[in-house]
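Down below is the structure, laid out as structure tokens.
Just so it is clear: chains get the letters A, B, ... in the order the sequence lines come, proteins before strands, and each one is counted from 1.
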Amino acid sequence: MPLLKGGVVAVDRWQCAANGETLPADGPVIVPFVRWRAERETLIGRNAPVGVRLTNTDPVADLAPDLDRLELIVLEFPKFTDGRAYSQARLLRERYGYRGELRAAGNVLRDQLLFMQRCGFDAFELTQGQPVQAWVAATNEFTVFYQPAGDGRNSAMQLRRAAILAN
Amino acid sequence: MYVYDGYDQTFLEERVAQFRDQVRRRLAGDLSEDEFKPLRLTNGLYLQLHAYMLRVAIPYGTLSAAQLRQLAHVARRYDKGFGHFTTRQNIQYHWMKLEQVPDALADLARVQMHGLQTSGNCIRNVTADHWAGVAADEIEDPRVYCEIVRQWSTLHPEFSFLPRKFKIAITGSPNDRAAVRVHDIGLRMHRNAEGEVGFEVMVGGGLGRTPIIARTIRDFLPKRHLLSYLEAILRVYNQLGRRDNIYKARIKILVHELGVAKMAEMVEAEWRSLKDGPLALPAEEIARIQAHFTPPVYPDSPVFTPEFDALRLSDAGFRRWLKVNVAPHRQLGYAIVTLSLKPEGGVPGDMTADQMDAVAALADRHSFGEVRVTHTQNLVLPHVRRADLPALWRGLSELGLATANIGQVTDIIACPGLDYCALANARSIPVAQRITQRFSDLARVHDIGELKIKISGCINACGHHHVGHIGILGVDKGGEEFYQITLGGSEDQNASLGAIVGPAVPNEVIVDAVQTVIETYLSLRRPQERFLDTYRRVGMAPFKERLYAAA
Ligand code: SF4
């Protein structure tokens, strides 16, 4: 599955280890949230990057104390119409200050990419076989945004205020 | 009214371009209908029984004459020459062709209009009192805050895929004309003990198959925190609202399942982390938006003129119209005029392109170029010199828009029903038409007095039947159209849900049944007593008895 990151298709160096599967001897590994909770010490002791995959009902607040140990968090869109992970993403970025890679997985479609990016996602597991330019174009369809969100873009209100203060 | 600046206009044009590309991809087969559906829905485009339906937002019901002319143009060019005003202060075109929709939206964008967020599981366009800014009882113009909420909610990245649609309404008056208690969030402006104006925040109201009156979760919210508080409510809902069952997905079910105290606690906890962040509203920003809604400068104008007095004395029709279609304005010498889109035998809310153009001209001449749309599917000219009332009345009479029935038995709200809607059990519009024909005598209509009939073609309750003084709900009995009658609903500040009288009645007798209910009221009422008050005094029993006596 191609991984879109920073506007290009990136190499995915991460391996997944589901519950019950043996952990790879080395290299970056993604584990489900429950496994992270159960085997936190082992995973930290492994001395290789750790990522956690959350379902969209897992409480992101529980990860808050460990965020600087994680290099990757994967959030899921089981259906593109299920928008719970948008809130998880904003909480991770804006409330808990997570700085690592935030990856969208599942039913990730071109027409939702901008919403995801705005909420703080910076990597996308692509499911549709479309040229990468189409995906990148989808995140550039707008230049005006009406809310402050997890991507740091200024809202129209912030820009208007800045213009008034500058005069 | 609010006028777009460069940011707003750029955004809207980008949106039109985006949808044009999405339509192109759909027509080319690159998007499946399943993938396209949510995209068209957030642009107000539905697929109905016979054609595509485009729903155009009229933010908080305020229109300029120029915008109304453009709505007429869209009706002529892309539809069959008419449009349909809805209970959410929108207009719908029922006969659109998919390949023409991008052009229609581009034409609308030229007058700062669009179909954004008029459907889909997002924050829908915000509604307000249709007398905002002119009502004599108003504390503050709610449209200022509607506009602030409109901007914040526009393509909100976190809240575009909610469990279900989400409706917000704001009233700035103690007399609630915006039905805020039957919205997902209702905001009522009021003054606290210190004299500061803020909002009472109510959540979890709604109609549909589980009608619930909203509950208050905060008595007073300072204006500065409006957006952060809304964001907190939406975030709790987005995470916890049910997604397993479409009929249990509205926030009202979440509030019901959590309990209002727990809901309030969770919202407040979320809000504490948001309240002083980038969503806090600076006073200058509120003032900037407020400046757009400054009332016009009203030249002095007499309360009575010889022509007005003479016509009032000589013409019973004019007197009736003055009584129910004309309301007091906060400015002496001016009036608020409601245009009835409920003529005898007409389709509630329908208007032809020619009527729209003519009303735009009347608005330019008599109402500072401003028009309002009401959630009762009528239009309003909000700033009319009383001295102009005779001329306006004549002009509106010629257009068929002066029926003196506002708030009366024939001012019926009806959803599109089986004539258009794929979800319907029964027709709504023909029932409304037959009732207006049965009660065509205006003297009789005025004798009956204030009475609100609301009709829905199915349990989704788009016709708000639960809050009709008389509610009519279409049900399907073995393939036949039947109608269930409820009594005693109300959507104002003393909101209540109607109670079912008894078994549903067949299509042939629904109008007789309504007449029986009304005759029962007439036989029981005390002097000056409205239908709703009589019902509340005597209860259901006498109505039920009369209605089912013959059966
Ligand atoms: S109430 Fe039912 S029939 Fe009427 S418009 Fe809504 S969904 Fe359609």
Side-chain angles (χ1 to χ4, degrees), chain A residues 56-61 77-91 93-96 107 109-121 128-130 134 137-138 140-161 163-165, chain B residues 5-15 17-19 21-22 25 30-32 34-39 41-42 120-122 148 150-163 227 231 234-241 243 270 273-274 277-282 284-285 288-289:
Chain A
N56 67 11
T57 52
D58 288 333
V60 292
F77 292 86
K79 287 183 292 189
F80 73 90
T81 49
D82 183 337
R84 282 177 275 205
Y86 293 114
S87 289
Q88 289 177 310
R90 287 195 67 193
L91 287 169
R93 286 286 192 226
E94 295 168 67
R95 181 142 326 146
Y96 304 115
N107 196 194
L109 304 180
R110 163 182 165 168
D111 292 287
Q112 281 77 50
L113 217 59
L114 180 59
F115 289 140
M116 292 177 184
Q117 195 190 58
R118 293 228 58 217
C119 287
F121 288 98
Q128 290 165 313
Q130 288 179 8
N140 291 321
E141 282 168 338
F142 289 93
T143 58
V144 176
F145 304 94
Y146 280 111
Q147 353 27 44
D151 57 348
R153 284 174 167 116
N154 283 315
S155 70
M157 182 170 100
Q158 288 165 325
L159 294 172
R160 286 171 181 137
R161 300 268 315 135
I164 291 167
L165 293 176
Chain B
D5 66 4
Y7 293 111
D8 298 306
Q9 192 65 36
T10 302
F11 168 81
L12 191 52
E13 283 162 19
E14 289 170 344
R15 179 61 169 176
Q18 181 193 43
F19 190 56
D21 182 56
Q22 290 166 345
R25 284 188 281 140
D30 295 345
L31 279 173
S32 70
D34 273 357
E35 288 163 356
F36 181 58
K37 187 175 170 191
L39 307 178
L41 285 180
T42 46
N121 293 337
C122 55
I148 289 170
R150 181 193 74 78
Q151 296 194 20
W152 161 78
S153 64
T154 296
L155 290 197
H156 197 298
E158 185 179 350
F159 306 134
S160 288
F161 292 92
L162 295 168
L227 295 183
E231 188 137 309
L234 265 300
R235 182 168 286 164
V236 169
Y237 170 58
N238 188 42
Q239 294 187 285
L240 299 181
R243 292 173 189 263
E270 184 61 40
S273 307
L274 294 171
L279 284 173
L281 283 169
E284 304 80 31
E285 175 63 13
R288 191 183 72 81
I289 304 279

- Task: Tell me, please, which residues at least two apart from B:Arg243 pass salt bridge (Lys or Arg N to Asp or Glu O under 4.0 Å).
- Result: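 Here the qualifying residues are A:Asp82.
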
Can you check whether [X] reaches [Y] side chain to side chain, under 4.5 Å on heavy atoms?
X: A:Asp111; Y: B:Arg25; answer: yes
X: B:Asn121; Y: A:Thr81; answer: no
X: A:Phe142; Y: B:Arg15; answer: yes
X: B:Leu155; Y: A:Phe115; answer: yes
X: A:Leu114; Y: B:Pro157; answer: no

Ignoring hydrogens, what is the shortest heavy-atom contact between [X] and [Y]? Give both atom names and the distance.
X: A:Val144; Y: B:Glu14; answer: N-OE1, 3.7 Å
X: A:Gln112; Y: B:Phe161; answer: NE2-CZ, 3.4 Å
X: A:Arg110; Y: B:Asp21; answer: NH2-OD2, 3.0 Å
X: B:Asn238; Y: A:Ser87; answer: ND2-OG, 2.8 Å
X: B:Thr154; Y: A:Gln147; answer: O-NE2, 2.7 Å

Among [options], which residue has the highest count of heavy-atom pairs closer than 4.5 Å to chain B?
options: A:Gln158, A:Arg90, A:Glu94, A:Met157; answer: A:Arg90
options: A:Arg95, A:Arg118, A:Lys79, A:Gln88; answer: A:Arg95
options: A:Leu91, A:Asp151, A:Asn56; answer: A:Leu91
options: A:Ala85, A:Ala156, A:Cys119; answer: A:Cys119

| said: How long is the straight-line distance from CD of A:Glu141 back to CD of B:Gln18, given to the nearest 0.5 Å? | reply: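 CD of A:Glu141 is found 4.5 Å from CD of B:Gln18.
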
Problem set entry | From A:Phe80 atom CZ to B:Glu35 atom CD, the distance as rounded to the nearest 0.5 Å |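 It comes to 7.0 Å.
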
Chain A contacts, top residue of B:Pro278, B:Pro163, B:Gly120 (heavy-atom pairs, under 4.5 Å)
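Of the options given, most contacts go to B:Pro278.
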
With chain A, which of B:Glu13, B:Gln151, B:Glu231 has the greatest number of heavy-atom pairs at distances under 4.5 Å?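 Maximum pair count with chain A is reached by B:Gln151.
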
Original post:
Where does B:Gln9 contact chain A at under 4.5 Å (heavy atoms): side chain, backbone, both or neither?
Top reply: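 Neither the backbone nor the side chain of B:Gln9 comes within 4.5 Å of chain A.
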
List for me each residue that meets side chain to side chain donor-acceptor pair (under 3.5 Å) alongside B:Glu285, sequence neighbours excluded, and say none if there are none.
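Listed in chain order: B:Arg288.
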
Matching residue for A:Tyr146 among B:Phe159, B:Tyr7, B:Phe11, B:Trp152 - test: ring-ring contact (aromatic ring centres under 6.0 Å, His included):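 Testing A:Tyr146 for a ring-ring contact (aromatic ring centres under 6.0 Å, His included) against B:Phe159, B:Tyr7, B:Phe11, B:Trp152 leaves exactly one candidate, B:Phe11.
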
